[in-house]
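Before any comments, here is the structure.
All heavy atoms count here, side chains included; hydrogens, waters and symmetry mates do not. For clarity, every value in this text was computed on a predicted model and none was experimentally measured. Throughout, a chain's letter reflects where its sequence line sits, starting with A, and its residues are numbered from 1.
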Number of protein chains: 2
Amino acid sequence: MPLGQKLPEGMRYDVYTQACPSRLVLDRVADKWAVLILGRIDDEPVRFNQLRREIQGISQKVLSQTLKKLERDGLIRREVFATVPVTVEYSITNLGKTLADTIRSLARWAEANIEAVTQAQRRYDEAQS
Amino acid sequence: MPLGQKLPEGMRYDVYTQACPSRLVLDRVADKWAVLILGRIDDEPVRFNQLRREIQGISQKVLSQTLKKLERDGLIRREVFATVPVTVEYSITNLGKTLADTIRSLARWAEANIEAVTQAQRRYDEAQS
DNA sequence: CGGTATCCGATGGGATACTG
DNA sequence: CAGTATCCCATCGGATACCG
């Protein structure tokens, strides 16, 4: 049931009930770092420190934690290669790909509308002062 | 520039640089409560306590804060009616509508794939133990 | 290289009480 | 009804140090 759609009397939107499983997914998606990582890991596999360099501002700890969550959710795959020193590659799964597509449309919205948003913020802030 | 797309050598993805304005938008979007509120406020205006009831689990404080942010970003509109007691109606703006559409596609993804995600989590957890 | 462990300060957000 | 104010605790996340 999509958000914001009309429902028969007496019914509630699933997503707004606390026990709703969709909220679990939302919790994962509503994570800035997870979104950035999922957006970055595309077709070709990426290594840990490569991600760290490309996603500026993420700490080693948070990157590690977020990768684990994404792997647990079946959105990315972690492969270890017994080189010296060890190499670890992260790649996106088929499931993750479908989510990444949706996320990309979000990113496109952000880039298309950042101007309108900052303008609105300026108007709001001036009206307050 | 959409996420995950190939770039000419030496260029970086905008979204991955710290100063990128798109990150500001992402910060707002990557907010579980903001997403739920934006998804709920559709065509017809909604009142404060109505939202509070329908979005289960949100506290008065967080609802108030999040509504303010969304209004500041120009995504929702706040109208006060001088009734007794006072009535406040929140409605979505044209800008907000375009974002809500994107968000709904995210919610659809969640509802369509929650099963696959929880299954992946079970597999992961069993492999760990 | 690819992490984990620990410490610790900032922030988020719930509970409660109060107000125009 | 529609909030604001305060307290307070839990989680987030940065910094640093260490490891296979």
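A:Glu54 has a carboxylate O that lies under 4.0 Å from a charged side-chain N of A:Arg40, or vice versa, which qualifies the two as a salt bridge. A:Lys32 and B:Asp31 are not joined by a salt bridge, as no carboxylate oxygen comes within less than 4.0 angstrom of a charged side-chain nitrogen. Note on A:Arg77 versus A:Glu71: no salt bridge recorded, every NZ/NE/NH1/NH2 to OD/OE distance being 4.0 Å or above.
Judged purely by atom type and a 3.5 angstrom limit, A:Thr93 uses its side chain to pair as donor or acceptor with the backbone of A:Leu75.
Atom CG in A:Leu63 sits roughly 10 Å away from atom C1' in C:dG2 (whole-Å rounding). Distance B:Asp31 CG to C:dG12 C1': 10 Å, rounded to the nearest Å. Between the C1' atom of D:dA2 and the CD1 atom of B:Ile76 lies a distance of 14 Å, rounded to the nearest Å. Note: NZ (B:Lys68) to C1' (C:dG12) measures 16 Å, nearest angstrom. Distance CG (A:Leu67) to P (C:dC1): 16 Å, rounded to an integer number of Å. Protein atom CD of B:Gln65 is 11 Å distant from nucleotide atom C1' of C:dG14, rounded to whole Å. Spacing between atom CZ of B:Phe48 and atom P of D:dT4 amounts to 8 Å, rounded to whole angstrom units. In this structure, CD of A:Glu79 is placed 13 Å from P of C:dG3, rounded to the nearest angstrom.
For B:Asn49, counting side-chain heavy atoms from C-beta on, the closest listed nucleotide (D:dC1, D:dT4, C:dG14) is D:dC1. Nearest to the side chain of B:Arg78, among C:dT4, D:dG3, D:dG14, sits D:dG3. Checked against C:dG13, D:dG14, D:dA2, the side chain of B:Arg47 finds its nearest nucleotide in D:dA2. For A:Val88, taking side-chain heavy atoms from C-beta onward, the closest of the listed nucleotides C:dT6, D:dC7, C:dG2 is C:dG2.
Regarding contacts with the backbone of C:dT4, a side-chain N or O of A:Ser64 is found under 4.0 angstrom from either OP1 or OP2. Phosphate proximity of C:dG3 to A:Tyr90: present, with a side-chain N or O under 4.0 Å from OP1 or OP2. Remark: B:Lys61 is not in phosphate contact with C:dT16, judged by side-chain N or O atoms under 4.0 Å from OP1 or OP2.
Looking at heavy-atom distances under 4.0 Å, B:Phe81 makes no contact with the nucleic acid at all. Residue B:Arg52 is classed as having no contact, given no heavy-atom separation below 4.0 Å to the nucleic acid. Within 4.0 Å of A:Gln60, counting heavy atoms only, lies at least one base atom of the nucleic acid.
Residues A:Leu99 and A:Leu95 have side chains not in contact (no heavy-atom distance under 4.5 Å, counting atoms from C-beta outward).
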